[in-house]
Amino acid sequence: MRSKWMLLWGFVLSLSALAQSLETTLRGVSMTEAQARVEAALGAQGLKVARTLNLGGQVRNFRADFPDYLLLVLEPEEGTLAAVRENFMTAIILPPTVYLHGAQPGVITVGTFDPDLMFGMLQVKNTKSRLLGAKLKAVIYGLGLPRRVTPAMMPDPASGMMPAMLYRVEGGNPEELALLLESELGSNGLNVLPAVKMGNVTGIHPCKSEWAYQMFITQPAGGFAAPCRFFVMPMPGGALVGAIEPMLMSIMPGVAQSQPTMGMLQEARRVMGQVLEAVGGQPYRPGQ
């Protein structure tokens with residue numbers, strides 16, 4: 001399995017023209033107007049917003065200098081469900097999130113994950129998920145001139161880093177573990193949104209203002225994976241609990257050069273690992 005992931009990252013290395021995030025810029029609009037345009041563009045593609053997170057307002061309770069920043073979390077649809085069935089680790093980016101970042105008055109950046117790179121990295125090939133990716137691209141292309149936020153570097157295949165932190169809970173019950181995870185996350189100072197069901201995978205989306213501030217001040221395009229993504233699913237003999245690998249964000253432009261942001265990512269990884277261990281998880285790699 002390790003060799004499989006090394007080949008996977010090798011595939012990613014060959015995709016230098018692609019990006020983690022696909023975005024565009026709206027000018028001469030307020031955040032409210034931009035949100036309405038984005039929601040209309042999503043609706044035209046048959047995509048629905050499940051909830052809107054006013055991350056800017058939340059973080060400004062902590063740091064007044066944070067700009068307007070909205071996260072639109074989409075409802076799971078057929079493409080999301082098919083992707084999770086094909087590779088459960090797609091729960092680190094699904095259901096999709098569209099971010100709106102108010103860099104300056106009248107200028108709003110809108111983006112989401114680049115389906116060409118992220119689905120390629122996670123080896124998602126089914127037709128329904130590819131259609132979801134096409135719809136997300138159509139939303140961005142329909143709003144304005146698209147641009148790709150290309151990674152400043154790619155993971156070292158020899159590092160063995162996977163997109164997700166995975167822990168096995170022997171004899172664990174997924175429903176009970178989801179509640180335990182929410183409790184542990186809350187105890188560690190993270191705000192938790194309502195859980196999202198994606199087939200047999202439960203997505204848990206927490207957020208911490210301090211982490212959001214540091215990440216999005218340095219690289220706003222990281223919103224494609226926000227809020228933090230945790231998930232729970234059944235597996236033979238128990239359950240699997242997991243979360244997005246925070247260090248995956250270190251390959252985005254400007255992040256590795258920021259000591260405070262790298263320190264935040266390392267702290268996030270430590271806390272997230274502790275949460276996964278606190279519910280009884282033991283480190284796990286596919287194929288074990």
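- Rounding to the nearest 0.5 Å gives a distance of 7.0 Å between OG1 of Thr97 and CG of Leu74.
- Looking at heavy atoms from C-beta onward, Arg229 lies in side-chain contact with Pro95 at the 4.5 angstrom threshold.
- In this structure, the side chains of Ser250 and Met262 come closer than 4.5 Å at one or more pairs of heavy atoms.
- Gly186 approaches Val192 most closely through the heavy-atom pair N-CG2, 4.4 Å.
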**Study point:** Stepwise side-chain contact (heavy atoms from CB on, under 4.5 Å) check, Tyr167 with Val279
**Key:** CA-CA 10 Å; Tyr167 288 72; Val279 300; over 6 Å; no
Exercise for review: Any chance you could lay out the side-chain contact (heavy atoms from CB on, under 4.5 Å) test for Arg148 and Leu117, step after step, and finish with the verdict?
Suggested key: CA-CA 10 Å; Arg148 300 181 187 277; Leu117 179 96; over 6 Å; no
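- Shown here for Met198 and Ala91, the closest heavy-atom pair between the two residues is CE-CB, 4.2 Å.
- Every residue two or more places apart in sequence or in another chain that forms a side-chain contact (heavy atoms from CB on, under 4.5 Å) with Glu210 is listed here: Phe62, Lys208.
- Contact record, Ser258 with Thr218: OG-OG1, 3.9 Å, taken as the closest heavy-atom pair.
- Taking OG1 of Thr202 as the reference point, atom CD of Glu175 lies at 6.5 Å (rounded to 0.5 Å).
- Under the 4.5 Å side-chain criterion, counting only non-hydrogen atoms from C-beta, Phe113 is in contact with Leu94.
- Residues Trp211 and Pro246 form no side-chain contact, since every pair of their non-hydrogen atoms from C-beta on lies 4.5 Å or further apart.
- In this structure, CD in Gln219 is found 8.0 Å from CE in Met249, a value given to the nearest 0.5 Å.
- Side-chain atoms of Pro115 and Leu132, non-hydrogen and from C-beta on, never get closer than 4.5 Å to each other.
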Practice item. Dump the intermediate steps for side-chain contact (heavy atoms from CB on, under 4.5 Å) on Met264 and Tyr213, then the final yes or no. Key: CA-CA 10 Å; Met264 178 276 294; Tyr213 174 83; over 6 Å; no
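- Counting heavy atoms from C-beta on, the side chains of Leu53 and His205 never come closer than 4.5 Å.
- In this structure, Gln20 CD and Met118 CE are separated by 6.5 Å, a value rounded to the nearest 0.5 Å.
- Side chains of Asn87 and Thr90: a donor-acceptor N/O pair is absent below 3.5 angstrom, by distance only.
- Residues Pro227 and Cys207 approach most closely at CB-CB, 4.2 Å, considering heavy atoms.
- Between atom CG of residue Leu55 and atom OH of residue Tyr99 there is a gap of 13.0 Å, rounded to the nearest 0.5 Å.
- One distance of note links CG of Leu47 with NZ of Lys135; it measures 5.5 Å at 0.5 Å rounding.
- Applying the salt bridge (Lys or Arg N to Asp or Glu O under 4.0 Å) test to pairs two or more places apart or on separate chains, none has a residue in residues 179-202.
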